[in-house]
Amino acid sequence: MTRPVQARLSAAALRHNLGRVHSFAAGSRVLAIVKADGYGHGLGWVARTLDQADGFGVASADEGIRLRQAGIQAPICLLEGFFGRDELPLIVAYGLSTVIHHERQIRDLENFDGAAALDVWLKIDTGMHRLGFDPLQATDAASRLRACAAVKDLGLMSHLANADNRFDATTTFQIARFQELAAAIGGLRSLANSAGIVAWPASRLEWVRPGIMLYGVSPMIGQGRADLGLKPVMTLGSEIIAIASRRRGEPVGYGGDWVCPEEMPVGVVAIGYGDGYPRHASAGTPVLVNGRRVPLIGRVSMDMITVDLRTQPRAQIGDPVVLWGEGLPVEEVAASAGTIGYELLCHVASRVPRIESAGP
Ligand SMILES: *Cc1c(COP(=O)(O)O)cnc(C)c1O
């Protein structure tokens, strides 16, 4: 390793979080969501570690094929379905199942002559208004799919838009709408994402689809990971690479927005937006130096950030720094940067080595 930046990954935490899914949704099978390279943790590593999951959800056939090539035999579902009919032979060859969210995909299946080769999930739009069939078209879409020679089993899927807010009535409405249609159409049902699993018992049906909670991040507004018994899987770490005493009035970093209010020690940490640390993290964003919080100061550069070391006068070059993870929830860093934990995890750059750590 030639630069001290690394993303340490805890297999124990990942398995623990799957255990939390099982205890929230005891009767459900778990489709572990591993799109976007396992939310930035590494697709293969996550899937191999979660050998107790009942299946995996991905965003493309490429991701599904990578999982098969890594030896994963569990069901794999394409959450956005296929993007063109030319993918169908590959999807069948690799034994992937697919969401069907659009009329065009039904036509492609009607014109595809695989014999009972495909499990499909009919996606219904119960209020997210992104993908899926209007509830009024759902029964017709289901019969057309059941009539396709290529279709083996048909399940029903929908996605919750506001489940992160326990007080938002949209979710109650979405669940009711979904159940009504499921009663009419039949088949296995899947509705809950992480927030549904945690906060909406009626959304825990035959299959649940946890993503962010598996990685130890709270899916809820106003509730932290510890309240939900989740443990962070990734800890993004680095080291202090320089310390200097700056005089009162000296600006720090690009643009010189941040000016030292007094003589003070300023530390430079090897991490930047080139590693996926958010460039919009504002002054005051917490950073752990030697396990204690110090504020970020100045603008985030490509390879470096600067921190205020006034509370740590004895800090030294080489001291350990944590940007998020163990001891510092990624949600908190995200809030300081005007984004969400999901985005920070997905954006950890490929130049950052992922290292499995033995720890908790
Ligand atoms: C990404 C995704 C999920 C997982 O959502 P989380 O909020 O990360 O739990 C579930 N279902 C679908 C269809 C998704 O695209």
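All ligand and atom numbering here is 1-based and tracks the order in the structure. We count residues from 1, following the sequence as given.
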Note to self: Measuring from atom 6 (P) of ligand 1, which candidate in Val217, Val208, Ile212 has the nearest non-hydrogen atom?
What the structure shows: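 Comparing heavy atoms across Val217, Val208, Ile212, the nearest one to atom 6 (P) of ligand 1 lies in Ile212.
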Which heavy atom of Ser282 sits nearest to which heavy atom of Leu296, and what is that distance?
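Shortest heavy-atom contact: O-CD2, 3.5 Å.
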Should the pair Arg351-Asp303 be classified as a salt bridge under the 4.0 Å nitrogen-to-oxygen rule?
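Yes, Arg351 and Asp303 are salt-bridged.
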Taking the basic N atoms (NZ, or NE/NH1/NH2) and the acidic carboxylate oxygens, is any pair closer than 4.0 Å for Arg144 and Glu110?
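Yes, Arg144 and Glu110 are salt-bridged.
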Geometric cation-pi criterion, Arg20 with Phe24: 6.0 Å, 45°:
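Verdict for Phe24: a cation-pi partner in Arg20.
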| Does a side chain donor of either Thr170 or Asp168 reach within less than 3.5 Å of an acceptor in the other side chain? |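 Per modelled atom types, Thr170 and Asp168 side chains form a pair under 3.5 Å.
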Can you report which non-hydrogen protein atom sits closest to atom 7 (O) of ligand 1, along with the distance?
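Scanning the protein heavy atoms, the shortest distance from atom 7 (O) of ligand 1 goes to Tyr342 OH, 2.7 Å.
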Nearest protein heavy atom with distance in Å, relative to atom 12 (C) of ligand 1 |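 Result: His159 CE1, 3.5 Å.
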Can you confirm, on distance only, whether ligand 1 has an N/O atom lying under 3.5 Å from any N/O atom belonging to [X]?
X: Ser194; value: yes
X: Tyr39; value: yes
X: Leu79; value: no

- Query: Stepwise, does the side-chain contact (heavy atoms from CB on, under 4.5 Å) test hold for Tyr215 with Met234?
  - Reply: CA-CA 7 Å; Tyr215 306 98; Met234 178 198 294; over 6 Å; no
With a cut-off of 4.0 Å, which atoms of ligand 1 are near a heavy atom of Lys35?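 Within the 4.0 Å cut-off of Lys35, ligand 1 contributes 1 (C), 2 (C), 3 (C), 14 (C), 15 (O).
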Which is it for Arg209 and ligand 1 at heavy atoms under 4.0 Å: side chain, backbone, both or neither?
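The answer is both.
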